[in-house]
Amino acid sequence: MPRRKTRVERDSMGELAVPAEALYAAQTQRAVQNFPISGIRLPASFICAICRIKASAAWVNGSLGLLDSRIAAAIEAAAQTVIDGAHADQFPVDVFQTGSGTSTNMNVNEVLATLAAQIAQVDVHANDHVNMSQSSNDVIPSAIQLSAALELDNTLLPALRHLADTLRVKRVELDGVTKTGRTHLMDAMPITFGQELGAWEAQIRDAIVRLQALQPRLQALPQGATAVGTGINAH
């Protein structure tokens with residue numbers, strides 16, 4: 001079997017061989033080698049949430065004059081390619097890693113830096129540019145909340161509404177059909193299918209209301225807190 005081609009990347013810890021075709025660099029490769037634990041990667045929705053944060057940060061930093069406008073635009077464009085579904089194989093870090101999620105934050109930073117450099121045709125730094133005014137301490141918690149908020153709005157709530165509507169249709173359809181009630185694994189008072197399905201429908205609709213009440217708190221992001229909540233290096 002032929003050996004996989006590699007290239008040498010350098011960081012503050014020294015040199016490291018990285019797959020030649022990889023968009024990521026040394027910090028991602030170190031994480032792959034340090035955490036060969038489960039083989040489970042973080043879901044695409046979570047990676048996309050980080051990319052949304054990176055794109056927003058680039059736009060803000062560019063607007064503030066902290067980041068060259070060409071680099072800011074390139075980071076935004078690079079992030080959008082990942083959000084649109086490209087480069088999914090470039091995020092190999094195991095879900096079990098450092099507590100702050102530093103490895104995944106840097107994985108995204110490195111991939112976007114490479115893509116942005118290709119777009120802008122200038123050097124783009126993973127830390128100094130893509131991670132400007134950010135830290136794993138605020139990016140990862142924000143991404144957890146953002147990905148949860150998006151999945152709640154786009155997937156879970158529509159599914160629950162569909163389930164509740166389906167139960168309502170069946171409740172009306174079977175309202176006159178009587179069945180034996182059950183309690184403590186024994187037969188109990190008769191009940192109609194309509195009554196039983198109506199109870200299920202009410203539970204689902206109550207759950208929808210409770211989940212909707214969570215949304216404002218879920219959408220209040222800790223972004224901007226940076227390292228250990230100090231706000232250091234942020235505008």
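Because the structure is predicted, anything quoted here is derived from the model rather than measured.
The backbone N or O of Ile232 sits less than 3.5 Å from a side-chain atom of Thr226, completing a donor-acceptor pair. Between the side chain of Glu9 and the main chain of Ala17, no donor-acceptor pair closer than 3.5 Å is present. The backbone N or O of Ala227 sits less than 3.5 Å from a side-chain atom of Thr230, completing a donor-acceptor pair. For the pair Glu196 (side chain) and Phe193 (backbone), a donor-acceptor distance under 3.5 Å is absent. Side chain of Asn61 to backbone of Met132: a donor-acceptor contact under 3.5 angstrom is found. No side-chain donor-acceptor contact under 3.5 Å links Ser103 to the backbone of Ala31. In this structure, Ser147 contributes its side chain and Phe46 its backbone to no donor-acceptor pair below 3.5 Å. Between the side chain of Thr81 and the backbone N or O of Ala78, at least one donor-acceptor pair lies under 3.5 Å. Distance alone, capped at 3.5 Å, is enough to place a donor-acceptor pair between the His129 side chain and the His125 backbone. The closest donor-acceptor contact from the side chain of Thr28 to the backbone of Tyr24 lies at 3.5 Å or more, if one exists at all.
In this structure, Pro92 and Val32 approach most closely via the heavy-atom pair CG-CG2, 3.7 Å. Closest of all the heavy-atom pairs between Ala79 and Cys51 is CB-O, 3.4 Å. Taking both residues in full, the closest heavy atoms of Ser45 and Glu151 are given as CB-OE2, 3.7 Å, listed atom of the first, atom of the second, then distance. Nearest approach of Leu146 to Ala49, heavy atoms of both residues: CD2-O, 3.6 Å. Smallest separation of non-hydrogen atoms from Arg171 and Gly194: CG-O, 3.3 Å. Of all non-hydrogen atoms in Ser100 and Thr102, the two that sit nearest each other are OG-OG1, 2.6 Å.
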Inset, instruction - Test side chain to side chain donor-acceptor pair (under 3.5 Å) on Glu76 and Gln80 and set out the steps. - result: CA-CA 6 Å; Glu76 290 183 69; Gln80 191 60 52; over 6 Å; no
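Salt bridge Asp187/Arg182: present, at least one basic N to carboxylate O contact under 4.0 Å. A salt bridge links Asp165 with Arg205; the closest basic N to acidic carboxylate O contact falls under 4.0 Å. Using a 4.0 Å cut-off between charged side-chain N and carboxylate O, Arg4 and Glu21 make a salt bridge.
For the side-chain hydrogen bond (donor to acceptor under 3.5 Å, both in side chains) with Asn105, the qualifying choice from Asp138, Asn137, Asn131 is Asn131, the only one to do so. Screening Leu23, Val82, Ile47, Leu115 for a side chain to side chain contact (heavy atoms under 4.5 Å, CB included) involving Gln90 leaves a single residue, Leu23.
Applying the 6.0 Å contact sphere to CG of Asp123 captures no more than 12 heavy atoms from other residues, nucleotides or ligands.
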